[in-house]
Amino acid sequence: MSILNPNKPKILITGANGLLGQKLVEQLVEEGKFHVIATGKGECRLKGDGFTYVTLDITNPEQVEEVFDHLAPETVIHGAAMTHVDECELHQEACFLANVKATEYLIKAAERVNSHFIFVSTDFIFSGEDGNNPYDEEAEPDPVNFYGWTKLEGERLLRESKLKWAIARTVLVYGIANDLSRSNIILWVKSSLEQGKEIQVVDDQVRTPTLAEDLAAGCILIAENEATGIFNISGSDLLTPYDMAMETAEFFGLNKALIKRTDSTQFKQAARRPMKTGFIIDKARKQLGYEPKTFQAGIGILAKQIILARS
Ligand SMILES: NC(=O)C1=CN([C@@H]2O[C@H](COP(=O)(O)OP(=O)(O)OC[C@H]3O[C@@H](n4cnc5c(N)ncnc54)[C@H](OP(=O)(O)O)[C@@H]3O)[C@@H](O)[C@H]2O)C=CC1
Ligand SMILES: Cc1cn([C@H]2C[C@H](O)[C@@H](COP(=O)(O)OP(=O)(O)O[C@H]3O[C@@H](C)C(=O)[C@@H](O)[C@H]3O)O2)c(=O)[nH]c1=O
């Protein structure tokens, strides 16, 4: 496991092959303040260089201990998780292992080397039915699906640890990266309409969709400022999935007639979704200087990346 630059503090990213992970590595390498240790299950799927890739299955406590004892990262951004919400509902043991037990292993290993530990969490810790949305950092969690419960458990383990900790909560992340394990709403709407497929989209759930680059930038601000506590790091536009689908069709000049408006009583997924979430991001704006793109600007950035990826 070669260390590229021992003179810089080390930042370890879990789940680096994922959407957030790839954006974190890209921005951290660009900024050059840290020696970037990208970790993930199996082979590296990241493009580019300037980082060290280490295979790390976070559900393997021996691997976690070995990597942390050897590398002793000053900072950890823990984004690895089982993120397919319906799969989490249907395979709760696997979800608990990946999202709770693995987080426990990482916290214990980080306590041995005293890392600043940043945990990426979600609006799905909230019910979305308490009338308190959009939520600030003080709101009372009350998850309505198993995935949301596991992420809240991860938050609890961290808050009860001896670590210097921070929690970056986010909402409905969209973007494009290399060889992803799951899609996201913009890509799914765009590809469905391009194939001429009719889609049913709900108009009674509310989110503040978040560009993956903005989430990464927010997590990096927390790392660079050695900030502690909970920060809402999301977009600022309150939108329904139906709004998002229509704006995506508009932007890409696709057929809006294929988007059939429905609501959550008609549209059933294996796991319940919280109805109305979305975040207030004033704390991150004031304390970190965090400022997300508008949804329109975010789609524009995504469009450019799609064209680049094709060239
Ligand atoms: N996407 C969203 O809308 C939201 C995401 N979040 C949170 O943000 C974080 C990042 O999500 P996002 O980037 O979108 O999700 P992705 O699914 O793209 O990334 C998650 C990554 O975790 C990896 N992973 C899963 N299990 C393990 C394991 N056992 N060992 C090592 N790596 C593992 C996956 O590996 P592989 O690629 O090999 O499957 C994947 O690369 C997550 O913690 C998620 O809960 C919060 C709110 C919204
Ligand atoms: C697939 C689909 C989704 N939707 C709506 C439901 C939902 O509100 C929104 C997104 O649905 P999806 O199932 O694609 O995404 P979903 O699993 O809800 O995304 C979640 O991912 C995890 C990781 C999180 O942490 C959450 O913040 C959230 O982003 O779109 C439709 O209306 N029609 C559809 O056919």
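In this text the structure is predicted, and so the values were computed from the model without any measurement. As the structure lists them, so they are numbered: ligands from 1, and atoms in each ligand from 1.
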Any donor-acceptor pair under 3.5 Å linking the side chain of [X] with the backbone of [Y]?
| X | Y | result |
| --- | --- | --- |
| Lys151 | Val120 | yes |
| Asp57 | Thr59 | yes |
| Asn99 | Ala81 | no |
| Thr14 | Ala80 | yes |
| Tyr147 | Ile125 | no |
| Asn225 | Ala227 | no |

Under 3.5 Å: N/O of [X] near N/O of ligand 1:
| X | answer |
| --- | --- |
| Gly79 | yes |
| Asp123 | no |
| Ala98 | no |
| Ile58 | yes |
| Met82 | no |
| Lys151 | yes |
| Leu20 | yes |
| Ala80 | no |
| Tyr147 | yes |
| Arg45 | yes |

Proximal ligand 2 atoms for [X], defined as those under 4.0 Å from one of its heavy atoms:
| X | answer |
| --- | --- |
| Asp123 | 26 (C), 27 (O) |
| Arg182 | 17 (O), 19 (O), 21 (O), 23 (C) |
| Thr122 | 24 (C), 25 (O), 26 (C), 27 (O) |
| Leu172 | 10 (C), 19 (O), 27 (O), 29 (O) |
| Gln200 | 31 (C), 32 (O), 33 (N), 34 (C), 35 (O) |
| Ile185 | 30 (O) |
| Gln205 | 6 (C), 7 (C), 8 (O) |

Should [X] be listed as contacting ligand 2, given a heavy-atom distance under 4.0 Å as the test?
| X | value |
| --- | --- |
| Met82 | no |
| Tyr242 | no |
| Ile199 | no |

His84 near ligand 1 by a heavy-atom separation under 4.0 Å: no
Pair Lys33 + Glu224, salt bridge at N-O below 4.0 Å: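 The answer is yes: the pair qualifies as a salt bridge.
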Sidechain N-carboxylate O distance under 4.0 Å for Asp86, Arg273: yes
Could you tell me which atoms of ligand 1, counted from 1 in the order shown, lie closer than 4.0 angstrom to a heavy atom of [X]?
| X | value |
| --- | --- |
| Gly15 | 21 (C), 22 (O), 23 (C), 41 (O) |
| Ser181 | 36 (P), 37 (O), 39 (O) |
| Leu172 | 3 (O), 48 (C) |
| Arg182 | 1 (N), 2 (C), 17 (O) |

As a quick check of understanding, evaluate salt bridge (Lys or Arg N to Asp or Glu O under 4.0 Å) for Glu291 and Arg285, giving each step before the final call. CA-CA 6 Å; Glu291 189 54 54; Arg285 278 184 162 135; 2.8 Å; yes
Under 3.5 Å: N/O of Thr83 near N/O of ligand 2: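 By distance alone, the answer is no.
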Is any N or O atom of Val173, backbone or side chain, closer than 3.5 Å to an N or O atom of ligand 2?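 No, no N or O pair falls under 3.5 Å.
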Over 60° means perpendicular and under 30° means parallel, so classify the ring planes of Phe279 and Phe126, tilted if in between.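 Rings of Phe126 and Phe279: perpendicular, as their planes differ by over 60°.
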Take Lys108 and Glu111, measure what salt bridge (Lys or Arg N to Asp or Glu O under 4.0 Å) needs, and give me the verdict at the end. CA-CA 5 Å; Lys108 285 198 178 351; Glu111 282 177 333; 5.4 Å; no
Heavy atoms only, cut-off 4.0 Å: how does [X] contact ligand 1, side chain, backbone, both, or neither?
| X | answer |
| --- | --- |
| His78 | neither |
| Leu56 | backbone |
| Ser121 | backbone |

Could you tell me whether [X] sits above the aromatic face of [Y], with NZ or CZ closer than 6.0 angstrom to the six-membered ring centre and within 45 degrees of the axis?
| X | Y | answer |
| --- | --- | --- |
| Arg261 | Tyr242 | yes |
| Lys190 | Phe252 | yes |
| Lys164 | Phe117 | no |

Donor-acceptor side-chain pairing of [X] and [Y] below 3.5 angstrom:
| X | Y | answer |
| --- | --- | --- |
| Asp282 | Tyr290 | no |
| Gln205 | Ser264 | yes |
| Gln200 | Gln266 | no |
| Thr277 | Asp123 | yes |

Would you indicate which of [options] comes nearest to [atom] when only heavy atoms are counted?
| atom | options | answer |
| --- | --- | --- |
| atom 26 (N) of ligand 1 | Lys41, Arg207, Arg169 | Lys41 |
| atom 4 (C) of ligand 1 | Val173, Asn17, Val64 | Val173 |
| atom 7 (C) of ligand 1 | Thr14, Val120, Leu180, Asp179 | Val120 |
| atom 34 (C) of ligand 1 | Ala81, Ala212, Gly40 | Ala81 |

Counting only non-hydrogen atoms of the protein, does one fall under 4.0 Å from atom 14 (O) of ligand 2? no
To the nearest 0.1 Å, how far is [atom] from its closest protein heavy atom, and which atom is that?
| atom | answer |
| --- | --- |
| atom 11 (O) of ligand 2 | Gln269 NE2, 4.2 Å |
| atom 18 (O) of ligand 2 | Arg273 NE, 3.0 Å |
| atom 29 (N) of ligand 1 | Asp57 OD1, 2.9 Å |
| atom 32 (O) of ligand 2 | Val202 N, 2.8 Å |
| atom 19 (O) of ligand 1 | Gly18 CA, 3.5 Å |
| atom 4 (N) of ligand 2 | Phe267 CE2, 4.0 Å |
| atom 22 (C) of ligand 2 | Val85 CG2, 3.6 Å |

